[in-house]
Amino acid sequence: MIEWNAATIKDFQHTLLDWYDQEGRDLPWRHDHEPYHVWVSEIMLQQTQVQTVIPYYERFMDWFPTVADLANAPEARLLKAWEGLGYYSRVRNMQRCAQQLLADYDGQWPQTAAGLEALVGIGPYTAGAIASIAFNQPVPAVDGNAYRVFSRLLKIDDDIAKPQTRQVFEQAITRIMPHDRPGDFNQAIMDLGSSYMTARQPDTAHSPVKRFNQAYLDGQELAYPVKTKKPRPKPVAYVAVLAQMGDQWLMVQRPSTGMLGNLWTVPLIKVDELDLEEDASTADLLAAVTAYFKREYRLILTAKMLKLRPVTHTFTHQKWTIQLIGGQVQPADLAYFAGKGVLLAELDQLPMPKVQEKIFNRANVH
DNA sequence: AACACGTGGGG
DNA sequence: TCCCCAAGTGT
């Protein structure tokens, strides 16, 4: 058994940081320690891979170079900057946070983890990351990498899906991390976790810290971390209505709460909400959709079933199967319609989720 | 304490 | 196709 005494801890710190100094990745947000840069990158990196984030980060800094630019940006522009990244409330919370900083903090970032965690969208992980990287505070940043790395090094078998387990790791890491380079230490752990100490196919034989890895030394690496699995996505049936009014496409903005908040799609209707009988025919479905348009939008829709394969889209917790309907609405003033008519050439101005892109692609709308 | 909340990649 | 994972947070 490895004994994590003071000498082991020093040895580990130096081994890890020496490796990081040599092999650490050169990433766009590592060019300086500006809290704004650290913050934006950390929010983008939540549940999202580095390779995906890089181009989004570059463009975001181009469009919104400062906290004030972010605070004052039109929301549609923000969502456009986030389009395709997912978890769209992240960017809306970022804008609220930016406004909060300007209004209540005189534009000055809190420099402690506790102070940072009081801001919207900043939880324990991000608070630790910003505090350690931007402000040199000796606090851990416990993300999936840290869970994986330290559960293996120390053979911690607490279930990382449980909220209370965080404390176990925070305590262990706080004891092990150096007080002179906390930000580099936290980032080194992340680099380690995404290179040699990955979840499925670790390459610990070549890891700079393999001699500290008790699970590896015991041949039990893949048993860590311990994590209960999540339920399967629940199937949900939808119809999408691709309706034209003259040369415009009918688009609706989703409510600000719930999935894909404030993003734009064609009208998407849960089949359950159409109150169809078990043995409903295609004609019944079209009639129900037409009635829905009249009731909800005050629009007269002429609908037809599109002979296309349904679009499927799987979210973390829902699996949508979407039948496509085409149609036209009589010209109207849209006073009761919670959306607008948009020319094909203007569609790319609207922030839309991936599932909407799939719908347009299936229907060959380009 | 659970569950909602996106998307892309790999096996 | 399905499952799991990836720099989590809000409710």
Would you say A/K354 places a side-chain N or O within less than 4.0 Å of OP1 or OP2 belonging to B/dG8? yes
Considering only the P atoms, how many Å lie between C/dT9 and B/dG8, rounded to the nearest integer? 22 Å
Any donor-acceptor pair, under 3.5 Å, between the side chain of A/R25 and the base of C/dA7, if you only look at N and O atoms? yes
Verify the distance criterion only: is there a donor paired with an acceptor across the side chains of A/T8 and A/D11 at less than 3.5 Å? no
In terms of the nearest nucleotide of DNA chain C, which residue is placed more toward the 5' end: A/Q49 or A/L119? A/Q49
Does a distance-only test, which skips hydrogens and angles, find a donor-acceptor pair under 3.5 Å between the side chain of A/S89 and the base of C/dG10? no
Below 4.0 angstrom from OP1 or OP2 of B/dG9, is there any side-chain N or O of A/T52? no
On a plain distance test, is the side chain of A/Y125 in donor-acceptor contact with the base of C/dG8 below 3.5 Å? no
Distance col, row A/Q201:CD vs A/Y196:OH, nearest 0.5 angstrom, shows 15.5 Å
Give a yes or no on whether a donor-acceptor pair under 3.5 Å exists between the nucleobase atoms of B/dG6, that is its base, and the side chain of A/T316. yes
B/dC5 and C/dA6, which share atom name P, separated by this distance in whole Å: 23 Å
Phosphate-side-chain proximity, A/Y87 and B/dA4, N/O vs OP1/OP2 below 4.0 Å: no
For C/dA7, does either OP1 or OP2 sit under 4.0 Å from a side-chain N or O belonging to A/R148? yes
Taking the side chain of A/R200 as heavy atoms from C-beta outward, which of C/dG8, B/dG11, C/dA7 is closest to it? B/dG11
By the 4.0 Å heavy-atom rule, please label A/I122 as base, sugar-phosphate, or nothing. sugar-phosphate
Whole-angstrom distance between C/dA7 and B/dC3, as gauged at atom P: 24 Å
If you compare every side-chain N and O of A/Q201 against the phosphate oxygens of B/dG11 (OP1, OP2), does one of them come in below 4.0 Å? yes
Measure the spacing between NE2 of A/H37 and CE of A/M61 and express it to the nearest 0.5 Å. 4.5 Å
Phosphate OP1/OP2 of C/dC2 contacted by A/R232 side-chain N/O (<4.0 Å): no
Is the Lys NZ or Arg CZ of A/R77 less than 6.0 Å from the centre of A/W63's six-membered ring, within 45° of the axis? yes
Would you kindly give the CD1-to-P distance between A/I160 and C/dG8, to the nearest whole Å? 10 Å
Option passing ring-ring contact (aromatic ring centres under 6.0 Å, His included) with A/F169 (candidates A/Y125, A/F150, A/Y147): A/Y147
Taking only the side-chain nitrogens and oxygens of A/H317, find out if one of them lies under 4.0 Å from OP1 or OP2 of B/dA2. no
